[in-house]
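Take a look at the structure below.
In the text below, chain A, chain B and the rest are named by the order of the sequence lines, each starting its count at 1.
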Number of protein chains: 2
Amino acid sequence: MKQYTEEIMDILKANNLRMTKTRMALMMMFLKSEEPLSVSEMLEALSSMKRGVNKTTVYRELEQLQLKGIISTVQLGDRKQYYELASRDHHHHLICLECKQIEDIDMNEEKLLAEEKKMSRKKGFVILRHSLEFFGLCKQCQCQE
Amino acid sequence: MKQYTEEIMDILKANNLRMTKTRMALMMMFLKSEEPLSVSEMLEALSSMKRGVNKTTVYRELEQLQLKGIISTVQLGDRKQYYELASRDHHHHLICLECKQIEDIDMNEEKLLAEEKKMSRKKGFVILRHSLEFFGLCKQCQCQE
DNA sequence: CATGATAACGCAACTCAGTTGCATTTGTCA
DNA sequence: TGACAAATGCAACTGAGTTGCGTTATCATG
Ligand SMILES: [Mn+2]
Ligand SMILES: [Mn+2]
Ligand SMILES: [Zn+2]
Ligand SMILES: [Zn+2]
């Protein structure tokens, strides 16, 4: 908790961002969370703070953090954007279609990157990033089928 | 044109779907299009038909076609759903971040599927499908930067 | 500590994709 | 041809995200 707070203050200082209650709370959520977060989840969590936080503020905050490269977005198949720390290395997700649980996965991408380069050359396309997500059923949800 | 019409009527008959103007028009669009289509594009195109078509109808139609396995959806990073024929083999896309042009790509997925199986086993997750999209700049848009 | 510049904030009104309920029209098949 | 289900239109709604504008809080500087 205390070490988190200092870590966050360092990040904010390094990025010329003022320290505000909302900012601290969001950064804390990102550091603690195992899964990417949606805005509705953030608002839910922030609502327990005295006086709550307006959704506009959250959206503007996320824009800032993204601009500074502190967080990045993930698309997980529904209509929402999800956000997670950019400092977590590039990785992909396993998404349970049933319970919506999300797991980070760490896979070997060498072969994928090789294919990427080949295509890039063939089509004259410069590839800047890719999105790769896996959908299926987690252990628990398989049994209940 | 004529051969398309018959092809479509066969598909519809095989799936117990009545033949309607909207349905024919949409199927025709899907058959002819090189790219996945968004609802706004479909409505745009359908608006030239006499009396146009209501967006509710289009959404309901897409639901039907998806249910019958005739079309499938793709997420391309914006807030819209895109639709394309499911009969096109499983493939991925190159998306130009500048001009929004979309290209189908056909790549070797063996290595990806191998990784998929490995992860699946390790995590006890059943993987049903994946989504893999590449973002970057097409040949034209690179020069204009 | 005081204070001004400006970053951060709240609120209300808006956009845009997609959904729902209900009454009407249309396609199909007997 | 008519009955019946499927398809349609319309209006009102939801939920995620955006915008303009006036107010408040943070923080560097003196
Ligand atoms: Mn993650
Ligand atoms: Mn395609
Ligand atoms: Zn699950
Ligand atoms: Zn382009």
**OP:** Would you please confirm or rule out a distance under 4.0 Å between OP1 or OP2 of D/dA7 and any side-chain N or O of B/T57?
**Re:** no
**OP:** Write down the distance between CG (A/N54) and P (C/dA13), rounded to a whole number of angstrom.
**Re:** 14 Å
Original post:
Which residues satisfy the side-chain contact (heavy atoms from CB on, under 4.5 Å) test with A/R129, sequence neighbours excluded?
Top reply: B/L97, B/F135
Original post:
With sequence neighbours left out, what residues match B/S40 under side-chain hydrogen bond (donor to acceptor under 3.5 Å, both in side chains)?
Top reply: B/S38, B/K80
Restricting to nitrogen or oxygen on both sides, can you table the protein-nucleotides 18-25 of chain D pairs closer than 3.5 Å?
from, atom 1, to, atom 2, distance (Å)
D/dT19, O4, A/T56, OG1, 3.3

**OP:** Go through the side-chain N and O atoms of B/E133 and B/H93 and say whether any donor and acceptor fall under 3.5 Å apart.
**Re:** yes
Original post:
In chain order, what residues pass the side-chain contact (heavy atoms from CB on, under 4.5 Å) check against B/E116, with sequence neighbours excluded?
Top reply: A/F134, B/L113, B/I127, B/H130
Please tabulate, one pair per line, all N/O donor-acceptor pairs under 3.5 Å involving side-chain atoms of residues 10-17 of chain A, not counting sequence neighbours.
from, atom 1, to, atom 2, distance (Å)
A/N15, ND2, A/I11, O, 2.8

**OP:** Specify the separation, in whole Å, of atom CD of B/E41 and atom P of C/dG18.
**Re:** 12 Å
Original post:
Could you give the NZ-to-C1' distance, from A/K13 to D/dT26, as a whole number of Å?
Top reply: 12 Å
Original post:
Between D/dG9 atom P and B/R51 atom CZ, what is the distance in whole Å?
Top reply: 7 Å
**OP:** Ignoring hydrogens and angles, tell me if any N or O in the side chain of A/H91 forms a donor-acceptor pair with the backbone of A/I105 under 3.5 Å.
**Re:** no
Original post:
How would you label the contact of A/S38 with the nucleic acid (heavy atoms, under 4.0 Å): base, sugar-phosphate, or nothing?
Top reply: nothing
**OP:** Using the test side-chain contact (heavy atoms from CB on, under 4.5 Å), find all partners of A/L31 that sit at least two apart in sequence or belong to another chain.
**Re:** A/Y4, A/E7, A/I8, A/L85
**OP:** Let me know the distance between CG of A/L17 and C1' of D/dC27, rounded to the nearest Å.
**Re:** 13 Å
**OP:** Starting from P on D/dA6, measure out to CE on B/M19 and report it in whole angstrom.
**Re:** 18 Å
Original post:
Rounded to the nearest Å, what distance is computed from the CG atom of residue A/D78 to the C1' atom of nucleotide D/dA16?
Top reply: 11 Å
Original post:
Of B/V39 and B/K21, whose closest DNA chain C nucleotide lies nearer the 5' terminus?
Top reply: B/V39
**OP:** Look at B/T20 and C/dG27 and indicate whether a side-chain polar atom (N or O) is within less than 4.0 Å of OP1 or OP2.
**Re:** no
Original post:
Atom CE of B/M49 to atom C1' of D/dG9: distance rounded to whole Å?
Top reply: 14 Å
